[in-house]
There are 4 protein chains.
Amino acid sequence: MDGFQRRREQKKVSILEAALALFLKHGVQKISIAEIAKQAKVSQVTIYNYFDSKHNLVHEVFLYYLDLMKEQFFQILDSQMTFPEKIKQIIFTKKEVANNIHEDFYQYIMKEYSTDANYFEKLYEEVALPRLIDLFNQGKQQRFVDPNLSNEAIIFFIQAMNKYIQREEVYQRILPLTEDIMNLVFYGIMGKREEES
Amino acid sequence: MDGFQRRREQKKVSILEAALALFLKHGVQKISIAEIAKQAKVSQVTIYNYFDSKHNLVHEVFLYYLDLMKEQFFQILDSQMTFPEKIKQIIFTKKEVANNIHEDFYQYIMKEYSTDANYFEKLYEEVALPRLIDLFNQGKQQRFVDPNLSNEAIIFFIQAMNKYIQREEVYQRILPLTEDIMNLVFYGIMGKREEES
Amino acid sequence: MDGFQRRREQKKVSILEAALALFLKHGVQKISIAEIAKQAKVSQVTIYNYFDSKHNLVHEVFLYYLDLMKEQFFQILDSQMTFPEKIKQIIFTKKEVANNIHEDFYQYIMKEYSTDANYFEKLYEEVALPRLIDLFNQGKQQRFVDPNLSNEAIIFFIQAMNKYIQREEVYQRILPLTEDIMNLVFYGIMGKREEES
Amino acid sequence: MDGFQRRREQKKVSILEAALALFLKHGVQKISIAEIAKQAKVSQVTIYNYFDSKHNLVHEVFLYYLDLMKEQFFQILDSQMTFPEKIKQIIFTKKEVANNIHEDFYQYIMKEYSTDANYFEKLYEEVALPRLIDLFNQGKQQRFVDPNLSNEAIIFFIQAMNKYIQREEVYQRILPLTEDIMNLVFYGIMGKREEES
DNA sequence: AATGAATGAGGGTTCATTCAT
DNA sequence: GATGAATGAACCCTCATTCAT
């Protein structure tokens with residue numbers, strides 16, 4: 001990739017990032033091309049040099065976001081952390097592949113972009129979920145998790161955590177997700193770690 | 001309330017219902033006043049006789065929806081069903097107060113209407129949650145639920161179920177929420193009902 | 001039709017007329033909705049109360065224009081004028097059905113609106129042409145036209161006249177279509193009227 | 001002209017040809033500089049190295065087209081064909097100077113470029129018409145054409161043919177311009193060739 | 001000379017809202 | 001009170017043209 005290509009790629013990414021930030025904060029429909037242009041400090045029309053339409057821009061932002069998530073997800077999984085640390089990292093950093101995606105962004109994609117929706121589901125089903133279940137199985141071997149816990153319960157646990165994080169503001173006031181509380185819930189569901197005898 | 005007032009009230013409700021139906025199906029931002037007017041079979045201007053602005057209309061639709069939910073929620077709670085039946089009703093009918101509200105409707109309100117958002121949170125915290133915890137405590141007494149299960153775990157269970165229902169299409173394919181599965185998960189987390197001896 | 005309807009119809013016609021005048025003078029593509037709005041002395045958006053889109057507006061303008069032409073064409077045909085007078089009227093007033101239509105308007109319709117194009121062709125073929133051939137047959141009976149003149153030659157004569165009128169500015173300078181010249185050509189082709197003996 | 005100049009000239013011509021092809025097919029207004037650049041396989045800006053503006057480009061394309069037409073017109077006239085063959089060639093190949101030019105291209109020029117329009121008219125009047133009349137006079141001498149046929153009638157005949165060709169699709173359905181029909185009309189108007197005795 | 005990138009102006013269209021009856 | 005008509009502002013997008021390399 002030569003200098004031209006590289007600079008072009010950089011500008012494209014800077015537009016993607018500007019758009020992503022705004023979409024996550026305000027929702028896709030509320031954000032106009034003009035606002036993205038302003039945030040990315042380019043002219044409105046320049047955006048059309050990189051993306052065919054707003055529709056196409058949203059599509060690429062979505063893929064870009066999934067990539068970011070995926071990368072961070074794998075970094076955590078492949079790290080040297082202990083099982084509980086990994087779980088907490090995944091949940092607290094909101095970085096689990098595609099599942100932690102902001103709810104309204106997710107809803108928008110699901111309604112308006114059937115191709116993206118299918119891609120997302122496949123990714124979740126074929127990439128994220130197996131690796132999460134793997135992780136929990138390691139947790140079982142290391143006796144962090146009750147070996148009898150079903151896969152279904154594991155998935156439920158993850159959903160519940162996600163839900164909490166999404167509605168952070170509401171739930172934080174009602175039942176703050178402090179580390180203590182999380183441990184309580186976590187081990188309540190996972191089963192207390194059996195003392196090694 | 002005289003005849004005039006009554007007719008006025010009826011027309012207002014018919015507008016609210018038209019708007020609600022469209023908002024739930026397509027989202028608030030996608031629906032224009034013109035579409036609501038058409039659905040409610042009134043002129044656009046008539047809507048402005050009952051509501052100051054679209055903003056105000058959304059606000060009233062939201063309150064109207066909460067009222068509907070509350071009513072149905074209480075109906076279930078006050079019915080003669082057994083504990084597991086009530087739980088299933090609440091979850092499967094998607095009618096739990098304010099929590100099961102359509103996600104994008106919810107997101108819109110949370111972003112755009114701080115007053116409504118506060119009202120919703122208060123309602124959830126002060127009305128729905130206590131009654132749900134009550135319900136589970138009854139479940140504990142009737143030995144449907146493990147008496148040691150913490151309130152926090154209960155809330156988590158509810159969140160997880162909600163999540164499942166919201167993302168119905170995705171999760172149905174990955175892990176279909178059949179009644180069998182639900183029972184499995186349910187008693188996995190709740191603790192199996194101890195047989196009365 | 002009540003007062004409301006009538007006023008609505010009038011405004012619609014006034015928009016059609018404004019658009020038609022501009023289209024004929026400058027061509028369809030050059031004229032913006034804003035310019036039509038200004039000419040019709042309405043707001044730009046008002047036009048969208050009457051027409052779904054510019055495409056639809058052009059379509060209706062076209063039909064409106066055909067109607068105008070048809071009406072004037074029939075008026076001439078049904079009048080008490082002599083054969084040569086009718087011919088001259090039709091040609092000089094540019095009012096022959098759909099054939100005298102301004103060339104660029106015609107070209108635009110033919111390229112962009114296949115339905116309209118088909119409708120136009122049918123109208124020309126089924127309404128205008130038969131009546132023109134009728135007219136010439138009357139001319140033959142009245143001995144204004146050589147009885148041996150074929151229908152094909154008649155059609156050619158009409159085409160040539162139209163061509164002249166369309167490119168008026170050019171041809172007027174090269175070979176001005178004065179009445180004298182027209183008579184010359186006319187009888188040159190039609191055959192001189194035989195003196196009644 | 002040195003190598004640089006020659007290459008420059010070639011590129012200019014390739015742009016002209018790309019533009020001409022697109023203009024004839026889609027009309028001047030519909031074609032953007034971007035489309036011409038793409039068709040000519042150069043960058044947009046390159047076009048501005050050769051032409052000051054789109055306006056100027058259209059102007060030069062027009063002149064280029066006239067030159068092409070003129071050349072082909074003279075080739076036919078100067079060939080060894082018989083009179084009727086020449087006539088048919090001119091008409092059927094649509095290559096008569098400037099008169100057979102695509103109608104919307106012509107209309108555009110006439111409306112937007114008064115200089116070009118004047119140039120075109122002059123060319124038609126001073127170059128094409130005299131040569132056509134010459135041709136017919138040869139036809140008269142060779143007894144292909146009735147010697148009494150006036151110049152005006154000749155011009156009319158040409159116009160009618162042009163008209164037919166322009167509205168090919170319409171007229172082909174109504175009165176197909178087969179060679180038989182053409183001969184019929186032709187000799188109907190021109191007068192049958194008198195058999196040499 | 002040639003190009004990728006950038007842009008101001010303008011086009012069609014939608015929408016929440018107001019006017020006039 | 002109800003409605004058809006009207007509108008200013010904004011949105012997505014296109015285009016001829018210029019900038020910077």
Side-chain angles (χ1 to χ4, degrees), chain A residues 2-5 7-8 10-12 15 29-37 40-58, chain B residues 4 7-8 11-12 29-37 41-58, chain C residues 2-5 7-8 10-12 15 29-37 40-58, chain D residues 4 7-8 11-12 29-37 41-58:
Chain A
D2 63 4
F4 274 125
Q5 281 294 325
R7 239 170 301 138
R8 184 176 170 81
Q10 279 168 4
K11 178 147 278 186
K12 187 170 183 177
I15 293 172
Q29 301 197 49
K30 261 257 176 137
I31 295 303
S32 69
I33 296 285
E35 284 165 307
I36 296 168
K41 282 171 188 158
V42 299
S43 134
Q44 218 181 126
V45 186
T46 298
I47 291 178
Y48 286 90
N49 273 334
Y50 295 92
F51 307 95
D52 288 345
S53 61
K54 190 185 180 185
H55 191 91
N56 174 249
L57 171 59
V58 173
Chain B
F4 275 124
R7 243 172 295 138
R8 183 173 168 82
K11 182 158 271 186
K12 187 171 182 178
Q29 302 199 47
K30 267 235 170 160
I31 296 302
S32 68
I33 295 286
E35 284 166 305
I36 296 167
K41 283 170 189 162
V42 298
S43 114
Q44 278 193 57
V45 186
T46 299
I47 292 178
Y48 284 87
N49 278 332
Y50 294 94
F51 308 95
D52 289 345
S53 63
K54 190 186 181 185
H55 192 89
N56 173 249
L57 171 59
V58 174
Chain C
D2 63 4
F4 274 125
Q5 280 296 324
R7 241 169 299 139
R8 183 176 171 81
Q10 280 169 5
K11 178 147 278 184
K12 186 171 183 178
I15 294 172
Q29 301 197 51
K30 261 257 177 139
I31 295 302
S32 69
I33 296 285
E35 284 166 307
I36 296 167
K41 283 173 188 156
V42 298
S43 134
Q44 216 182 129
V45 186
T46 298
I47 291 178
Y48 285 89
N49 274 332
Y50 295 91
F51 308 94
D52 288 345
S53 60
K54 189 184 181 186
H55 191 91
N56 174 249
L57 171 59
V58 173
Chain D
F4 275 122
R7 243 171 296 136
R8 183 173 168 80
K11 182 158 273 188
K12 186 171 182 177
Q29 303 200 47
K30 266 236 171 159
I31 295 302
S32 68
I33 295 285
E35 284 166 306
I36 296 167
K41 284 171 186 159
V42 298
S43 113
Q44 279 191 57
V45 186
T46 300
I47 292 178
Y48 284 88
N49 278 331
Y50 295 93
F51 307 94
D52 289 344
S53 62
K54 191 186 180 184
H55 192 88
N56 174 248
L57 171 59
V58 174

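Since this is a predicted model, take the numbers as computed values, not measurements. Naming: A, B, ... by sequence-line order, numbering from 1 per chain.
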*Asks:* Taking all non-hydrogen atoms of both residues, which atom of A:Tyr50 and which atom of A:Ile15 are closest, and how far apart?
*Replies:* CD1-CD1, 3.8 Å

*Asks:* A:Phe51 CZ to F:dC12 P: how many Å, rounded?
*Replies:* 15 Å

*Asks:* To the nearest Å, how far apart are C:Gln10 CD and F:dA5 C1'?
*Replies:* 14 Å

*Asks:* Identify the two heavy atoms, one from B:Ser43 and one from B:Ala37, that lie closest to each other, and give their separation to 0.1 Å.
*Replies:* C-CB, 3.9 Å

*Asks:* What's the CG-P distance between A:Asn56 and F:dT14, to the nearest Å?
*Replies:* 12 Å

*Asks:* Determine the minimum heavy-atom distance between A:Lys54 and A:Gln29, stating which atoms define it.
*Replies:* NZ-O, 4.1 Å

*Asks:* What heavy-atom pair brings B:Gln44 and B:Ala34 nearest, and what distance separates the two atoms?
*Replies:* NE2-CB, 3.6 Å

*Asks:* With the side chain counted from C-beta on, respond yes when C:Val42 and C:Asn49 share a heavy-atom pair under 4.5 Å apart, and no when they do not.
*Replies:* no

*Asks:* Using heavy atoms to find the nearest nucleotide of DNA chain F for A:His55 and D:Asp52 separately, return the residue whose nucleotide is more 5′.
*Replies:* A:His55

*Asks:* Can you tell me how far P of F:dC12 sits from CD1 of C:Ile33, to the nearest Å?
*Replies:* 20 Å

*Asks:* Only Watson-Crick and G-U wobble pairs with both distances less than 3.5 Å should count. Give DNA chain E in dot-bracket notation, marking inter-strand partners with |.
*Replies:* .||||||||||||||||||||

*Asks:* Might you confirm whether atom NZ of D:Lys12 has over 12 heavy atoms from other residues, nucleotides or ligands at distances under 6.0 Å?
*Replies:* yes

*Asks:* Atom NZ of C:Lys12 to atom P of F:dG4: distance rounded to whole Å?
*Replies:* 16 Å

*Asks:* For C:Lys30 and A:Val42, take the nucleotide of DNA chain E holding the closest heavy atom to each; which residue's nucleotide lies nearer the 5' end?
*Replies:* A:Val42

*Asks:* Counting any heavy atom closer than 4.0 Å, what does C:Ile31 reach on the DNA or RNA strands: base, sugar-phosphate only, or nothing?
*Replies:* sugar-phosphate

*Asks:* Among residues 43-50 of chain C, which contact DNA chain E at a heavy-atom distance under 4.0 Å?
*Replies:* C:Gln44, C:Val45, C:Tyr48

*Asks:* In whole angstrom, give the distance that lies between atom NZ of A:Lys54 and atom C1' of E:dT14.
*Replies:* 13 Å

*Asks:* Rounding to a whole Å, what distance do you find between A:Gln29:CD and F:dA10:P?
*Replies:* 19 Å

*Asks:* Is the phosphate of E:dG4, meaning OP1 or OP2, less than 4.0 Å from a side-chain N or O of A:Lys11?
*Replies:* no

*Asks:* Write down the atom of C:Ile33, the atom of C:Ile47, and the distance for their closest heavy-atom approach.
*Replies:* O-CD1, 3.8 Å

*Asks:* Mind checking what makes salt bridge (Lys or Arg N to Asp or Glu O under 4.0 Å) contact with C:Lys11, not counting sequence neighbours?
*Replies:* none

*Asks:* Between atom NZ in D:Lys41 and atom C1' in E:dA1, what is the gap in whole Å?
*Replies:* 20 Å

*Asks:* As an exercise, state the distance from CG of C:Leu57 to OG of C:Ser53, rounded to the nearest 0.5 Å.
*Replies:* 8.0 Å

